[in-house]
Student: 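Please see the structure below; I have some questions.
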Amino acid sequence: MLYRGFNPKKYEKEILDMWEREKVYEKVRSERANGPKFNFLDGPPYPSSDTPHPGTLWNKVMKDSVLRYWRSKGYNVLDRPGWDTHGLPIEVMTEKSLGFRNKKEIEDYGIANFVRKCMELVHRNVKSLTEHFKNFAVSMDWDNPYMTLEDSYIESAWWGLKKIWESGRLDRSERPVHWCPRCETVLSDYEVSQEYRDLMDPSIFVKFPVRGGEKEYILIWTTTPWTLPANVAVMVHPDEEYVKVKVGDEVLILARKRLDYVMKEAGVEDYEVIESFPGRELEGLQYNHPLEDVIPLQRKIREHHKVVLSEEFVTMEEGTGCVHSAPGHGMEDFLVGERYGLPSPSPVNSQGRFTEEVGKYKDLYVREANDLIIEDLAERGALFHKGTIVHRYPVCWRCKTPLIIRKTSQWYIRVVDLKEKLMKDVEQVNWVPSWAGERRFKDWLNNLRDWIISRQRYWGIPLPIWVCDKCGRVEVIGSVRELEEKSGRRPENLHRPWVDEITWKCEKCGGTMRRVPDITDVWFDSGISFYASFGYPYRDEGFEEVFPVDFITEGHDQIRGWFFSLLRVGDLLFGRAPYKSVLMHGFFLDERGREMSKSLGNFVPPEEIVERFGRDVFRVTVLTKVPWQDLRFSWDRLKETQKRLSIVWNVYVFATTYLRDMELGVLDEVRDPVNRWLLSRFNSTLKKVYESMERYYLHDATNALLDFFVEDLSRLYVRVARKKLRSKDEGVIKEWANALYMVLRDMLPVLAIYAPLTAEEIYQKSFRQEGDPESVNMLLLPEVREDLISKELEDEMDLVKEVVSAIGNARSKAKVRKRIPLKKAVVVGVDNFSQVVGRFKDVLQVESNVKEIVVGEPPQGEGWTKADFSRGEVFLYTEVGEEELIEGLARELIRRIQEMRKELGLTIGLERIEVYIQGGEAVAKAVESYREDIAWDSDADLVKVVSSEEEVPSESFGKEWDVNGERVYIWVRRK
RNA sequence: GGGCCCGUGGCUCAGACUGGUAAGAGCGCCCGGCUGAUAACCGGGAGGUCGGGGGUUCAAGUCCCCCCGGGCCCA
């Protein structure tokens, strides 16, 4: 028996336990095993914490609603969760827990020990996060997740890398990259863009003496003095105007557009332009490096010091228009340098300290060398001006160390030439919303760069690349078996350091083949998930059948993350995008619209949500929100959802109260237009829900369902049904009971998509019959009966609602309470309303309490109150006569008797009573006139007017009431 | 500098892809009602130049252009 009061706390945990105990999920899976396939791929969350961010819960709940939908449609759903287990965040956390500050401490501790610690951390967090997701009724295959740290997964990665190598796209090259001097590794562009800080740096203007010139200098500007020792050239814009300016007895060369700014900055008021020319005329102009006397490197490259042209990288927005170029410390400088055949020295080691190539600065940490370099420049008269600047500067997203750009040898996957193809792939995908793909993704692809795949760290997929230490020959290994064949050994684990120990003799020269020490970029790990989660191609777990997957969904940050990464790998290895539909969702923000994070202290713990509102309330709250916009969290929102769900709950409670002990069978013939309307609305709702789910408009589906409960059932149908279910005509009761029962029962599997715990509780407590499946999760979604949908009926009911509302309006104006029946209302302006009145007179009666509603011309005479609605107007006769007052009084009495019955705990329709009433003349008259109605409504065998308490049997329950200002005594005697 | 998204009553949000009924809901506020779903529920009202301007159209919150404000991404 369903009980009163929507109270998720009472049942949610119990239901979850029941599912676990009875292995409900496993049973549903096996029941659907032969159904058509729906393939979902989980974007693997990063297990860096043991508590999920509320946004991750939102993400998982959205996924769950889609999975539940297809499963309830009879599909065999691929619903494996994933975990993205490798990478720097886990390493950094492990380092912190061990108190390490650099790589050396890790190596001293032992890579094997360190990697084991990382693994432990991952497993611990995965376990905890899994419990959290299960706790929100997320139905995935939790016992069987894919994890990027598994050997089978790593082996699949190797297979992919080997294939890419064979296609000629994998190679090593030396380029400047963003480098974290603490973590001592390269960072990808993506990682760099994660974190910027405002840093204060020197802003200096430096004079480079023109070779052979007489006190003539090229004026450059930089905020990274430490890159000056690696200066090779100066870039100018070919088409901008440059000038020679006389300052004192010196001549400076800079861009015209920067002149005023620079002089003002340097506090120089006396200067004179003596010559002007386009930048291209400067090309080839040679200069001397001001620090060449102290930097051995500079003496080596002195013949390269000259002006080069670049229209793409020289701006007139900052600096002097003459750009100091150090190809070893800047991507742009490097590109221009390549064009001119310039060297690209990068005299900085992996810890960000200068090498001996730069003489006296050796071993200094680059940022700390700035002051000394500036001093040396000043001593040599090369410093034109020194200031400071606060600018956004990239820092390591994990350890917050300012990054440097440094040339290193890295492994790349060349993809830039695939741009056009990738653009085409994107068009093949169904993006929700469409602009996510059409615009955002394409914009991102426009900036496509080659993929730096190597990282100089420990916890990750080891690059399966072995290089001969003698002849430099490269071999890429695609499987464990291949490794074993080459080396005769099989590592106990495919991680570092175990694979590092595997070596073999070079076939060509007899040297030793050693693995490059790098691991892969973690975006490679997750990018291969669509096939590596199957262990493809070494384990046959049905990969080919599910490629490409039907559906993925993640936040908009994953445009350049996972969506991109998957596409890149999909195209490299299989020539197409590995997914068919993508739902891009928003971020979960706090009440003020800021990102939610533990460090900001605005993080809402899942436990608190469960404690205050419960799991289903959270689920439905997030599911009613447009997915692709950011969601601003608020407790008020949860409160609203709680109210909506409690109406759903109450509708079910209402039904079970009235339908108890009734024989419910099939609904063979539906006569009443209100019931035909109900079935129409039911089927329209199903249709809307299904269509919305299939285009991933999750909020439309959820709202359509809730609106059906709130608008159609609660506000309308139930109110009429209350009367009908107590009809004197058995046939009427039967029809209404069956219609209501069927609709509510068939809606349960739909409700279970969004609020599975609540749906299960209702199912178990009152709708599950002998022989029914043991869980609501096993029910199939009802099919849409198009033939029962009637646009006409639905439109008519909308009109009825409007008329009712207009009558309510008129009552309000005339100040006549609803309990008083009114004689007549005239509807003006709607042609077919007579037919509507005929069909829906019960609704009109219950909702408006007007005896006669007709269609016609505006009535003449006194006593009419008018109200407008969209298609016409209503004239309500609001004069109240004796007769109406008496009838209203009868309703007052009934209401009070009912209240007393309730107080006595009597069961409706079952326990009978006798009623005694003492009051004035009007009361007596009301009882006389409406005795039968009173008796029927209150299950009374006797309704009697008495003149004093003496006439009332002694064991009666009596109460004094104030009815419209009159004192009335009522006694109820239980029989 | 480029790209994308957002801007709708006091607050939180639907509606925009596919132009068309007097622009909706919930919360809050004011007034009233209902009463065997009831620690609920319902009706009425006040409150919106749909950020601003221009354009297309018989018709624009919706399509196009420009601007302003906020956010995200890229440079």
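On a predicted model such as this, the values are computed, not experimentally measured, just so you know. Naming: A, B, ... by sequence-line order, numbering from 1 per chain.
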Student: What distance, rounded to whole Å, do you find between the two C1' atoms, one in A59(B) and one in U18(B)?
Tutor: 16 Å
Student: Quick one: which of C42(B), U38(B), A37(B) gets closest to the side chain of Arg715(A)?
Tutor: C42(B)
Student: In Watson-Crick or G-U wobble terms, both distances under 3.5 Å, what is the partner of G26(B)?
Tutor: C11(B)
Student: Measure from the side chain of Ser812(A), starting at C-beta and using heavy atoms only, and say which of C34(B), G43(B), C41(B) lies closest.
Tutor: G43(B)
Student: How long is the span from the CG atom in Asp630(A) to the CD atom in Glu595(A), to the nearest 0.5 Å?
Tutor: 8.5 Å
Student: If you measure from the P atom in U21(B) to the same atom in G1(B), how many Å do you get, rounded?
Tutor: 41 Å
Student: Under 3.5 Å, is there an N or O donor on one side and an acceptor on the other linking the side chain of Arg695(A) and the base of C17(B)?
Tutor: yes
Student: Among G45(B), A14(B), U38(B), which nucleotide sits nearest the side chain of Lys625(A)?
Tutor: A14(B)
Student: Measure CG/Asp630(A) against P/C6(B) and give the value in whole Å, please.
Tutor: 11 Å
Student: Please determine, for the side chain of Lys643(A), which listed nucleotide (A40(B), C27(B), U38(B)) has the closest atom?
Tutor: C27(B)
Student: Measure from NZ or CZ of Lys728(A) to the centre of the six-membered ring of Trp936(A), then state whether that distance is under 6.0 Å and the direction lies within 45° of the axis.
Tutor: yes
Student: Hunt down the Watson-Crick or G-U wobble partner of C72(B), both distances under 3.5 Å, from any strand shown, or write none.
Tutor: G3(B)
Student: Look at Asp450(A) together with Arg175(A) and state whether they make a salt bridge at an N to O cut-off of under 4.0 Å.
Tutor: yes
Student: Expressed in whole Å, how much space separates the P atoms belonging to C65(B) and C73(B)?
Tutor: 25 Å
Student: Can you say whether a donor on the side chain of Arg440(A) sits under 3.5 Å from an acceptor on the base of C4(B), or the other way round?
Tutor: yes
Student: Could you identify the nucleotide paired to C17(B), looking across every strand shown and requiring Watson-Crick or G-U wobble geometry with both distances under 3.5 Å?
Tutor: none
Student: Please state the C1' separation for the pair G26(B) and A14(B) - nearest whole angstrom.
Tutor: 10 Å
Student: Look at the side chain of Ser714(A) against the base of A37(B) and say whether a donor-acceptor pair falls under 3.5 Å; ignore hydrogens and angles.
Tutor: yes
Student: What interatomic distance, in whole Å, is found between P of A23(B) and the corresponding atom of G9(B)?
Tutor: 15 Å
Student: Nearest to the side chain of Glu640(A), which nucleotide is it out of G15(B), C27(B), C4(B)?
Tutor: C27(B)
Student: Under 30°, 30 to 60°, or over 60°: which ring-plane class applies to Trp736(A) and Tyr717(A), parallel, tilted or perpendicular?
Tutor: parallel
Student: Are the charged groups of Lys442(A) and Glu427(A) less than 4.0 angstrom apart, N to O?
Tutor: yes
Student: Taking the P atom of each, how far is G28(B) from C41(B), in whole Å?
Tutor: 10 Å
